[in-house]
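One-based numbering, in listed order, for ligands and for the atoms of each.
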Amino acid sequence: MTERAESKQEMEIPCLVIGAGIVGLCTAISLQERGIPVTLIDPEPPAEAASYGNAGVLSTWSCVPQSMPGVWKSVPKWLLDPDGPAKIRWTHLPSLLPWIIAFLRAGRIERIPAIADAMLALNQPTIELYRRHLQGTGKEHLVRDSNYVFVYRDPAKANLDALEWRIRDERGTPLERIENGALRDLEPDISEDYRAAILVKGQGRATDPGAIGKALAEKITRQGGQFLRGKVRRLIPQDNGCFHVEADNRSLAAAKVVLAAGPWSATLLKPLGFRLPLEAERGYHMIFADPDVALNNSVMVTDSKFVASSMDMGLRCAGTAEFAKLDAPPDYRRAEVFKRQAKRLLPKLNTETTDVWMGQRPSFPDSLPALGPLPGLENLTMAFGHGHLGMTAAPMTGRIAAALVAGEPPNLDLTPYSLERFQ
Ligand SMILES: Cc1cc2nc3c(=O)[nH]c(=O)nc-3n(C[C@H](O)[C@H](O)[C@H](O)COP(=O)(O)OP(=O)(O)OC[C@H]3O[C@@H](n4cnc5c(N)ncnc54)[C@H](O)[C@@H]3O)c2cc1C
């Protein structure tokens, strides 16, 4: 028997997007391009979660998964170093263990090529699609062309023969290794202790990721889209293929649903019988509001594993991976670490005025999202789990999700993003 709440007035909508992060917003824009009326629901204003405070790397060429062969050798060192790039809240370890095992399995060499291709397919079109989405918003300047500059203190480590660089090279990534002088020409404020760099060319960077989300939200509203405030509590499939959606303050009848609630998405699928290995992999940022220095590109500091980028609000350092229960309180000591590390990168950095932030990446063990119809419920499209690269992959994800809602072929093999990979 179909379950249904009788008491509340039900609002009927053709397509409901759950979550107004960057993935939900890009999906909504692509739905509107196809003439499909769109409603978004979120308890928060648009682009306030991970999509607000990320490092803004629009990483066209990203195709190297987080789990790589041999990564396990570095993990103990990272965990034991108080300034290290990864932390586990030990109370969370028992529930995290299956994810860790799946993460290590995903890093086997034979899995890497297929994962790399699937990552690249979502990341490649990012700049072109953001520029199209931002057209007419007056915020087109928020996406800039950029190199992605990986800086090394030890020049021997800037090794294009290493696996991570070969993976990129085999897929046509424009790479260049540069030495001390050329690095100083490119980024005059970086310390001379960084003696080599590898440039990934043809990338983009967002100078205010949250503002991109807000600009898209305004465009969606101008084009007739509707934003509802509320947290979806339950999705109840109906016999006619539609969904009864129970939110905090209202009840909706949706013909189609796109689930784009970032790390919260898995919770909504559990009552439907799906248990997904989705972790809230939290990261932090620190903004130096009056930095007195500037970077011309996104800079990946390879020894500390964080990204530094000059943005509209100051110089932002973002990164680290902390594993804790979803919505556990932030530990801002993880962000304070950036003060020392950023000063080492940029000796003239003014560290007086800072602001810190925490966000939760929706991370599957194999660095790929869940994208496609939910098995058995074709009218529910999954669009979540982009981990470290959701800002980059959002526009292409949105395009595919919108095509599925419209009943069009997505023009991409969705097998790598299906839930079958977890069986
Ligand atoms: C420190 C850090 C640096 C990063 N740097 C980069 C980078 O440089 N480049 C890059 O590509 N990516 C980067 N990322 C990753 C990127 O930010 C995320 O992958 C991306 O923002 C995820 O977007 P999303 O829309 O899926 O999720 P979110 O932005 O988390 O949005 C999900 C939305 O769903 C809403 N929601 C939750 N539950 C419900 C519910 N029950 N009902 C309704 N709504 C709900 C939430 O309120 C939220 O607004 C970084 C992340 C972090 C943390």
- Heteroatom proximity flag, Gly24 to ligand 1, N/O under 3.5 Å: no
- Message: Test side-chain contact (heavy atoms from CB on, under 4.5 Å) on Leu349 and Asp292; report intermediate values, then the result.
- Response: CA-CA 6 Å; Leu349 176 70; Asp292 292 344; over 6 Å; no
- Query: In ligand 1, which numbered atoms sit nearer than 4.0 Å to a non-hydrogen atom of His388?
  - Reply: 6 (C), 9 (N), 10 (C), 11 (O), 12 (N), 13 (C), 14 (N), 15 (C)
- If you measure from each heavy atom of Pro43 to ligand 1, is any distance below 4.0 Å? yes
- Query: Does ligand 1 have any atom sitting under 4.0 Å from a heavy atom of Ile18?
  - Reply: yes
- Just which atoms of ligand 1 are under 4.0 Å from any heavy atom in Ile41? 43 (C), 44 (N)
- Verify whether the ring centers belonging to Trp61 and Tyr148 lie closer than 6.0 Å. no
- Nearest neighbour in protein (non-hydrogen) for atom 29 (O) of ligand 1: Ser51 OG, 2.5 Å
- Note on the structure: With sequence neighbours left out, the residues meeting side chain to side chain contact (heavy atoms under 4.5 Å, CB included) with Pro98 are none
- Message: So for atom OH, which belongs to Tyr52, do other residues, nucleotides or ligands contribute more than 12 heavy atoms lying within a distance under 6.0 Å?
- Response: no
- Nearest non-hydrogen protein atom to atom 35 (C) of ligand 1, with distance, is Asp42 OD2, 3.1 Å
- Item | Check: Val307 and Met300 side chains under 4.5 Å, non-hydrogen atoms | yes
- Task: With heavy atoms only and a cut-off of under 4.0 Å, state how Tyr284 meets ligand 1: side chain, backbone, both or neither.
- Result: backbone
- Going by distance alone, is a donor N or O of one side chain under 3.5 Å from an acceptor N or O of the other, for Asn297 and Glu187? yes
- Item | Minimum-distance protein heavy atom relative to atom 20 (C) of ligand 1 | Gly390 CA, 3.8 Å
Can you give the donor-acceptor pairs under 3.5 Å from side chains of residues 398-406 to other protein atoms, not counting sequence neighbours?
none

